[in-house]
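We count ligands from 1, going down the list as the structure has it; atoms in each ligand are counted the same way. Quick caveat, the model's predicted, so the values are computed rather than measured.
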Amino acid sequence: MTAQDTLFRPFTSDTLTLKNRIVMAPMTRSMSPGNVPNDKVVDYYRRRAEGGVGLIITEGTIVDHPAASGYPDVPAIYGADALAGWARVVEAVHAAGGKIAPQLWHVGAVRRPGVAPGGDTPGYSPSGMARPGKVTGHAMTQRDIDDVVAAFAKGAADAKKIGFDAVEIHGAHGYLIDQFFWDGTNARDDAYGGDLAARSRFALEIVAAVRAAVGPDFPIILRYSQWKQQDYSARLCDTPEALGAFLGPLADAGVDIFHCSTRRFWQPEFDGSDLNLAGWTRKLTGKPAIAVGSVGLNSDFLPEDGTGAFNAGEPASIDNLIERMARDEFDLVAVGRALIANPDWANRVKAGDFAALVPYDKSLLATLS
Ligand code: PHB
């Protein structure tokens with residue numbers, strides 16, 4: 001099968017229809033001064049929609065809580081100015097024939113005081129830890145938990161109101177929701193700590209609140225990962241049985257699509273099968289799954305040597321990806337850095353014009369091209 005037969009088939013689920021299987025991966029760009037997406041942000045996303053992407057998942061957008069932001073100039077998903085900016089992004093993407101979901105984000109203990117907005121607010125997290133054994137911030141009270149759950153629900157409701165096609169909840173990579181999932185950062189002895197089922201309670205409350213806010217027909221994507229930025233080898237689940245037990249309640253709470261973040265999409269998740277994390281997720285939950293991880297490039301987003309995110313890379317073959325899509329191992333594939341370098345990545349691939357794809361280099365992060 002060719003890329004045309006696999007990547008460029010329409011996608012249909014209970015709640016979402018897309019013209020093809022290509023998703024723009026969420027990527028922090030820190031290009032929204034005052035936490036408001038501006039004209040450059042509008043044009044940046046418009047170019048990817050014009051370039052043929054079926055679904056754009058935006059960079060992380062901070063929910064309305066004082067500790068949500070961990071990085072400068074990331075866009076908010078609250079406040080009149082930010083929402084007006086996003087409404088223009090949505091309009092531009094729709095006019096170019098694409099669909100778009102904001103990623104709803106709270107960084108938890110990754111935050112350091114001083115990052116705007118939020119002033120001196122410390123990092124908030126289940127047990128005050130950004131990494132195992134090291135308390136650096138505030139351990140959340142029940143009131144804090146309720147506030148953050150409400151902030152996610154409000155962000156989702158506003159996203160729907162201004163025309164977004166879906167929302168993604170960021171539950172991955174060692175940020176707040178994942179700090180609850182991970183036993184390394186969750187040492188609580190109340191209902192939000194204990195075994196993985198209990199450590200999932202916070203996420204389940206967020207998903208249920210988002211579902212209640214957007215109604216039954218609006219797509220909710222949950223991004224999760226085994227790996228943490230604090231520890232690439234960390235895992236929430238060591239077996240398919242454990243993964244099924246983890247994901248089932250999240251699906252029941254209202255997740256329609258799982259976005260299964262791995263650093264390399266081709267790696268098997270468990271011994272004895274070729275299936276990657278998205279493949280297992282689809283098989284175990286019956287829900288559509290998005291795969292992601294170094295698609296179209298010969299390098300990892302986060303290199304082993306700790307030299308920071310958004311590592312450079314050369315174009316790489318997508319034959320393996322096409323074979324997996326042809327087997328319906330997963331439903332959708334998210335493309336990250338290759339889409340920063342090549343806004344028209346999807347159209348180029350559709351045309352078989354692989355020779356036109358250019359390498360991705362960190363210098364591209366300096367502007368929103
Ligand atoms: C990053 O900005 O490097 C970043 C942001 C969110 C993630 C991972 C990395 O989930």
For atom 5 (C) of ligand 1, the protein heavy atom that lies nearest, with its residue and separation: Thr28 OG1, 3.2 Å

Residues Asn35 and Ser32: side-chain donor-acceptor under 3.5 angstrom: no

Within reach of ligand 1, part of Gln229 (heavy-atom separation under 4.0 Å): neither

Mutual orientation of the aromatic rings belonging to Tyr45 and Trp86 [parallel < 30°, tilted 30-60°, perpendicular > 60°]: tilted

Flag, side chain of Arg48 to backbone of Asp344, donor-acceptor distance under 3.5 Å: no

Check: Arg223 N/O within less than 3.5 Å of ligand 1 N/O: no

Tyr175, portion touching ligand 1 at heavy-atom distance under 4.0 Å: side chain

Minimum-distance protein heavy atom relative to atom 3 (O) of ligand 1: Ala309 CB, 3.4 Å

Interfacing atoms of ligand 1 (cut-off 4.0 Å, heavy-atom, His173): 7 (C), 8 (C), 10 (O)

Salt bridge Asp147-Arg143, side-chain N to carboxylate O under 4.0 Å: yes

N-O pairing of Lys287 and Asp331 below 4.0 Å: no

